[in-house]
Peer 1: 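Dropping a structure here in structure tokens format, bear with me for questions.
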Amino acid sequence: MNETVVIVSIVSLIVIILLIGIPIRLTRFIGEGIARFVIGALFIFLINIVGDVSGIHLPINLFTVTVTGFLGIPGVVALIFIQQYVIS
């Protein structure tokens, strides 16, 4: 084989690996974000079912799901606090 063919093949392989690696990281980031949104929505749904007894109701919208998904339990506590003491 010619030396230039080997060098071009290796460089091409490296470029292909780099191009494939970027979308995989982007896909992982988007997948984790979607998973957090779904977990946040399910957590708010659970809070609404359990909170029905005590009168706690959090609307399921983009803001509340984002806060709940990315902040977790402290986000839910903050949303309940805002609803009970700031808004009402």
Side-chain angles (χ1 to χ4, degrees):
M1 282 182 106
N2 195 355
E3 293 174 10
T4 57
V5 173
V6 173
I7 292 173
V8 169
S9 299
I10 291 173
V11 170
S12 300
L13 184 64
I14 290 172
V15 169
I16 289 172
I17 289 172
L18 288 175
L19 289 176
I20 291 174
I22 291 171
I24 289 173
R25 278 185 253 139
L26 181 63
T27 305
R28 182 180 299 151
F29 178 72
I30 291 171
E32 287 178 7
I34 290 172
R36 287 182 179 267
F37 281 128
V38 170
I39 290 170
L42 289 173
F43 198 63
I44 291 176
F45 181 72
L46 246 153
I47 293 294
N48 285 339
I49 289 174
V50 173
D52 200 22
V53 174
S54 62
I56 295 174
H57 175 76
L58 294 174
I60 299 178
N61 56 35
L62 186 61
F63 177 75
T64 58
V65 168
T66 303
V67 169
T68 303
F70 285 100
L71 295 180
I73 293 176
V76 172
V77 171
L79 287 172
I80 292 171
F81 178 79
I82 290 169
Q83 180 192 23
Q84 296 293 322
Y85 298 109
V86 176
I87 295 176
S88 298

Peer 1: Holding to side-chain contact (heavy atoms from CB on, under 4.5 Å), I want the full list of residues that pass it with Ile49, two or more places apart in sequence or in another chain.
Peer 2: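 side-chain contact (heavy atoms from CB on, under 4.5 Å) check on Ile49 returns Phe45.
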
Peer 1: With hydrophobic residues grouped by side-chain heavy-atom distances under 4.5 Å, do Val77 and Leu79 end up in a single group?
Peer 2: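 They do share one cluster, since a chain of ILVMFWY contacts under 4.5 Å joins Val77 to Leu79.
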
Peer 1: Would you find a donor on one side and an acceptor on the other, under 3.5 Å apart, between the side chain of Asn48 and the backbone of Leu58?
Peer 2: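 Here the side-chain-to-backbone pair exists.
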
Peer 1: Residues two or more places apart in sequence or in another chain: which of them pass side-chain contact (heavy atoms from CB on, under 4.5 Å) with Ile30?
Peer 2: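 With neighbours one apart ignored, the set is Leu26, Ile34.
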
Peer 1: Which residue pairs pass the ring-ring contact (aromatic ring centres under 6.0 Å, His included) test when at least one of the two sits in residues 18-44, sequence neighbours left out?
Peer 2: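 Qualifying pairs, neighbours excluded: Phe37-Phe70.
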
Peer 1: According to side-chain hydrogen bond (donor to acceptor under 3.5 Å, both in side chains), does anything in residues 75-86 pair up with another residue at least two apart or in another chain? List the pairs.
Peer 2: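 Found none.
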
Peer 1: Would Leu71 end up clustered with Ile56 when hydrophobic side chains under 4.5 Å apart are linked, directly or stepwise?
Peer 2: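 In one cluster: yes.
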
Peer 1: Name all residues meeting the side-chain hydrogen bond (donor to acceptor under 3.5 Å, both in side chains) criterion together with Ser54; count only those two or more places apart in sequence or in a different chain, and write none if there are none.
Peer 2: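 Applying side-chain hydrogen bond (donor to acceptor under 3.5 Å, both in side chains) to Ser54 gives none.
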
Peer 1: Sequence neighbours excluded, which residues qualify as side-chain contact (heavy atoms from CB on, under 4.5 Å) partners of Ile10?
Peer 2: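 Once residues adjacent in sequence are excluded, the partners of Ile10 under the side-chain contact (heavy atoms from CB on, under 4.5 Å) criterion are Val6, Ile14.
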
Peer 1: Can you name the side-chain contact (heavy atoms from CB on, under 4.5 Å) partners of Leu13, sequence neighbours left out?
Peer 2: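 For Leu13, the residues satisfying side-chain contact (heavy atoms from CB on, under 4.5 Å) (neighbours in sequence not counted) are Ile17.
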
Peer 1: So which residues get pulled into Leu46's cluster when ILVMFWY side chains under 4.5 Å apart are joined, directly or through others?
Peer 2: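 Result for Leu46 is Val50.
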
Peer 1: Count I, L, V, M, F, W, Y as connected when their side-chain heavy atoms are under 4.5 Å apart, and connections chain through other members. Are Ile60 and Phe63 then in the same cluster?
Peer 2: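 Yes, Ile60 and Phe63 fall within the same hydrophobic cluster.
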
Peer 1: Going by side-chain hydrogen bond (donor to acceptor under 3.5 Å, both in side chains), name the pairs with one or both residues in residues 63-74, residues two or more places apart or in two chains.
Peer 2: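 The answer is Asn61-Thr64.
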
Peer 1: Indicate, with yes or no, if Val76 and Val86 share a hydrophobic cluster defined by side-chain heavy-atom contacts under 4.5 Å among Ile, Leu, Val, Met, Phe, Trp and Tyr.
Peer 2: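 No; Val76 is not reachable from Val86 via cluster members.
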
